[in-house]
Amino acid sequence: LWFSTALVVALAVAALTSAAEEPRAAADGKLDAAALTALIDREIERRWQADGAAAAPRADDAEFLRRVTLDIVGKIPSVTEVRAFLDDRSPEKRRRLVEELLDRGAFATHFANTWRDIILPGANTNLETRALAPPFDAWLRIRFSVDTPYDRLVTELLTPAAMNEADPNPFVRRASVPSPLAFYQVNERKPENLAANAARIFLGTQVQCAQCHDHPFTHWKRNEFWAFAAFFGGAALPADAANEAGGEKAVEAPAAVAGLSIKVPESDMVVEAKFLDGTPSAWKPGDDARLELARWITRRDNPYFARATVNRIWEHFFGRGLVDPADDLDARNPPSHPQLFAELARQFVEHGYDFKYLIRAITASRAYQLTSRTDSNASSNGDSADDPQLFARMSLRRMTPEQLYDSLVEATGFRDNTPRQQAAVFGVETARAAFQAKFADQSARRGEAQTSILQALALMNGSLVGDATSLDRSERLAGVAAMDDFLDARQRIEALFLATLNRSPELAEAELFGAHLEQAGPEGERAALADVFWALLNSAEFIMNH
Amino acid sequence: MLHRPQLSRRDFVRLSSAGVIAGSMSGWFETLAARAETAKDRSRACILLWMSGGPSQLDTFDLKPGHPNGGTFQEIETCVPGLKISQHLPGLATQADKLAIVRSMTTKEGDHSRGTYLMRNGNLPQGPIRWPTLGSLVSKELGNPAAEIPNFVSIAPYRFFAPAAFSAGFLGSEYDPLLVGDGAAAGGEDDNDQYALKVADLAAPSGVTRPKVDQRLGLLGSLNDRFIGGHSTANAIAHRIAYERAVKLMHSDSGSAFNIDDEPSAVRDAYGRNRFGQGCLLARRLVERGVPFVEVTLSGVDGNNALGWDTHIDNFESVRKLSGALDAAWSTLMIELAERGLLETTTIVWMGEFGRTPKINPSGGRDHFPQAWSTVLAGGGIRGGQAIGHTSADGEEVEDRPVPVADFLATIGCALGIDREAQNISNIGRPLKVIDPEATPIAEALA
C-alpha cells in the first residue's frame, strides 16, 4: 500500500478504516443515491439500537420544506412555494423538491458562500479578505453551477493560472474576473500558512501546531510540517509586495532553497518536500510543485481527502460532522459512525466527487427528515436520545449571516439599492455587507452561532426590519394589507406566517394574533399587522434553521 | 412534561456563563448559573486605552533627549523622582506613582491589521483558531452573566483594518463587545450627536412608541415561548436571552449609564470635549456600574478618526495634539476612579499595535517599529511609580528585560486576578487557557 511507508500515518489510517468492513451490498462498487440513502438509514438506525435511543418523529412537510430550502439554496421558501408544496399530494414530492432546488442558480450561490467561509474564513469580518473575496466567490459560483467535480475544483484552486503574474492591487481587482487566487492571497503566499490551511481545509488535518514544535496532541513532527510546506515554496513573493506601504515585516518568510526543499526557520535544517504520509514526490525541475501536491491530495486512495469532504457536507446538512470538529480527522477523534463514514467517502470517489449525488442521498435519509422538536420523541430516553452524535433528532442551527439576510429579503421584499460596484470600495458598504459583518460569528461550527445583544437590537430597531414593518415603506405589508377584499383578518395573519415561518399559525396563535388585530379596530388594523410581522421576524423560530 | 434541554458539554459551559436564569428553565440549570456566578470576583475591572495606529514611545513615555532620534519634545519630572515622561503629559506626571511604564516591549509584527490582532488577541491571525480579543476573555472571567449592562463595552472603536481584533472569536458572539460610537470611520465628529457615543439601534424606530414596543414584545414572547417550549436547545434559549438583555438595555435605568449629558459640565470639560475624553468619562460611569471591561479607542483628534497615531508625516505636531487629549482624559479618569475608591480595583492598560521608529524620516514622521516600544499599566493590581526595562540611547534596541506580547497580556490577567488555570473550549475543540501557560507575567509590575 502506498501509505505504508509512514508507520504513524498507517496507524492513523487504520483507526479510520479498520472498523469499516464494507457493507456487503456495496462490495461490488457503486451505489445509486437511493441505495446510499438506504445504507445511511441502516447505519444510523444500527447506532440508535445499540445506544437504546428513540428517534424523533418525521418532520412534517412545512418543517422539511423550510429546512431543505435553507440548506440547499440558502434562504427560506416563498409563500407561493410553501403553498404549492403543502398542497402537493405526491408521495415523491420531497425527492422532487430536492431535484428542483439543486437545479436553481441559488444552489451554486449558497454552496459558494458555504465553501468560501471554509476556505477564506473571515470574509465577512476581515477587510482584506472581504476585498479579495468577490473574484473568489464568482469563481466558486461558476464551479458549483457547472457541477465541477470537487477533485478538479481543488486542483484548480491549488494551481491558479494567474499564479505567476504580478500581484494586482487587491482593492482594484474586480469581481468580473473570477479567480481562486484569493486562497494564496489571504495566506500571504507563505508556504507555512498555505500548507497548514490546505491540510486543514482539504484533508481535515490539523498540522499547523507542528510549524513551531512537534505537535502536542498528534504525531505530526515539525520536519514533516515543513516538508509538506515545501510544495508551496515557490509561491512566496518578495516580502514587500504583499505588505502595506510603510509596514516593515520583522519576520522574514522562510526562503525556498534550491530544488523542492525548504529551510526550517530558526534552524539550519533544510528538508525535502514530502507528502504528509511521508512519501517523497516525483517532482523534477520544470514540474509545477503545486500540481504535484494537488494530484496527491485528490488521489483516489488519499485516505483523507474524500473523508474530509464528505464530513463537511454531512456537517452542512446536520450541523455536525460524523467527525467533530469537522477539520480534525485524527485517530484520537474517531467518527461517530465509522462504517458509514468510510462508505460515504468511497461512494463519493466512485461517483466522481459529485456533491449533488451526496446531497440527494443525505436529504432523502430518515435522519435528515427527522423533526427538530425536543418535545416529541417517542420516548424521552434522557441523555442518549439527546446525544447529538446519534443524529436521532435534527439539530437546531442559527442561520448563517447570508441565510438570514437572504431570508429577510425573501420575507420582506427588501431591495438593496447600493450599487454593487461600490461594495469593495473603502467606506461604502452594501446593506448586505454591513448586515453580514454585524451577524458574523466566529464560534466553532456553522449554525452554533448565538445571537448577541447588538444583533438583537439591530433586528428589533434597525432599518431592515424597521422598513419592512413600516406602514409607509413595507411592500410586503402593503401587499398583505391591500388584499382586504379577498382576505379576512385570519388569512392576512396566515399570509405573514407563511412568509416568515413558512407554516400556518396554530390555533392558539391564530387566536392571539387575531385578537390583536381585532383590538386595533379597522383604522388600526394595518399598524397591528405591522406588529405581527415584527414579532414574526424577530422570533427565535425565524432566525433558526430547524 | 418539560424535557431536559438538548445540550452538549460545550453548550452547557457556554450557557451557564451566559446567565441562563430564565424562569422556565428547570432547577438544575439555575443552580449551575448561581454557582458560576459566586465563583467570580466581580470587584475587578479593566479599562483598556487603545491607541490605534501605533503611538510613538519616543514622544510619550520613553524620550531620548539629546539624541538625534529624540525629536523636539522635552522630558519633564514626575511625582516619582527619576521617572520622566513627555512634557505634553503633565497631568499624568502628577500621578506617575500609579504608572508602571513598560519601556521594553518587543514584538515582531509591523503591519496594522496583524499587529492589532496580535496585541489584542494575543496571537497572529493565522491557522484555524479564532482567538478572542482581550476584552472578551477578561469579561467572560470577571463578568456577571446576568448583568443589565453587557460585560464588555468598546467605546469609539476603529475596527476597519482588523474587525476580528474586536471579536469574541471562538467564545461566540455573546461575548462580543457592545460597541458604542462604532462606524464613525474616516469621517469627522458629529458635534450634534454628543460625539456619537451611542449604542446602535438602542431606540425603537421613530413612530414606534413605548406601549407599542411592549405590545410587540408581548407577541414576540408568546411566539418564543411556544417555539422554545418545543425546542429547548442552547442556541434557541440564547436567542431569547440576547433579546431579554437587549430589551433591558433599552428600557431599564441601566441604559442611563450611557447618558453622559447627566454629568456636570466641569467634569465633562476636565475629560476633554472630544470623543476620547468623553469616552473615558463613559468608561468611568460603566465601571461604577460594575462593567468589568471597557475599552476606549484614541484614533484621532480634530475630526480625524482613523489611525491617528500612525504618524508617518509630521509626527511631532500630531503627537502633541493626541497627547493633549490623552493626558486630560486619562489623568481625570484616574483621579475620578480614585475618588470613588475604584482605582485600586480597576487596572488601566495603555497600548497600541506597535511603536514607532526612533529615526525620524524625511517627512518629519516616524514609521512602524515593533522591536522596542512602550506600553503602560496603572491602577488595580499594579505597582506604580516605575519604569520596567529600558532601551538603548538611540531607542533602537531593548537593552534590558524584553517583554513579549504573551508576558504583557499575562501580566494584565494576573493584575486582574484571573485564575491561571481558567480555560475555554476553542473552535477546534481543544481547551485553551485564558492566560498563556507559557507566558511569564512581569513580576515587578504586580502589586
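Keep in mind the model is a prediction, meaning the values are calculated, not measured. First the proteins, then the strands, lettered A, B, ... as listed; each starts at 1.
Using a 4.5 Å cut-off between heavy atoms, A/Glu541 contacts chain B through both its backbone and its side chain. With a 4.5 angstrom heavy-atom cutoff, A/Gln389 does not touch chain B via any of its atoms. Contact of B/Val208 with chain A is not made at all, since no heavy-atom distance falls under 4.5 Å. With a threshold of 4.5 angstrom between heavy atoms, A/Phe497 approaches chain B through side-chain atoms but not through N, CA, C or O. With a 4.5 angstrom heavy-atom cutoff, A/Ile543 touches chain B only via side-chain atoms. The contact between B/Ala203 and chain A is made entirely by backbone atoms, counting heavy-atom distances below 4.5 Å. Both the backbone and the side chain of A/Ala530 come within less than 4.5 Å of a heavy atom of chain B. The part of B/Pro177 that comes within reach of chain A is its backbone (N, CA, C, O), which places non-hydrogen atoms under 4.5 angstrom from that chain.
Of the inter-residue distances, the one linking B/His239 atom NE2 with A/Phe542 atom CZ reads 10.0 Å to the nearest 0.5 angstrom. For the atom pair NZ of A/Lys438 and CG of B/Leu179, the computed distance is 8.0 Å after rounding to the nearest 0.5 Å. Here CD of A/Glu188 is found 4.0 Å from CZ of B/Arg114. Values are rounded to the nearest 0.5 Å. Atom NE2 of B/His231 and atom OG1 of A/Thr371 lie 5.5 Å apart (nearest 0.5 Å).
The side-chain contact (heavy atoms from CB on, under 4.5 Å) check on B/Ala246 picks up A/Ile453, A/Ala456, A/Leu457, A/Met460, with sequence neighbours excluded. Looking at residues two or more places apart in sequence or on another chain, you find a side chain to side chain donor-acceptor pair (under 3.5 Å) between B/Arg216 and A/Asp531. For A/Glu511, there are no salt bridge (charged side-chain N to carboxylate O under 4.0 Å, His left out) partners two or more places apart in sequence or in a different chain.
Among residues 217-227 of chain B, the residues having any heavy atom closer than 4.5 Å to a heavy atom of chain A are, in sequence order, B/Leu217, B/Leu219, B/Leu220, B/Ser222, B/Leu223, B/Asn224, B/Arg226, B/Phe227.
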Using side-chain contact (heavy atoms from CB on, under 4.5 Å), reason through B/Thr233 and A/Met544 one step at a time and then give a plain yes or no. CA-CA 11 Å; B/Thr233 63; A/Met544 294 288 168; 6.0 Å; no

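For the options A/Ala326, A/Gly466, A/Ser539, heavy-atom pairs under 4.5 Å to chain B are most numerous at A/Ser539. Options A/Ile201, A/Asn461, A/Leu454 differ in how many heavy-atom pairs under 4.5 Å they form with chain B, and the most are formed by A/Asn461.
Side chain of A/Thr374 to backbone of B/Gly230: a donor-acceptor contact under 3.5 angstrom is found.
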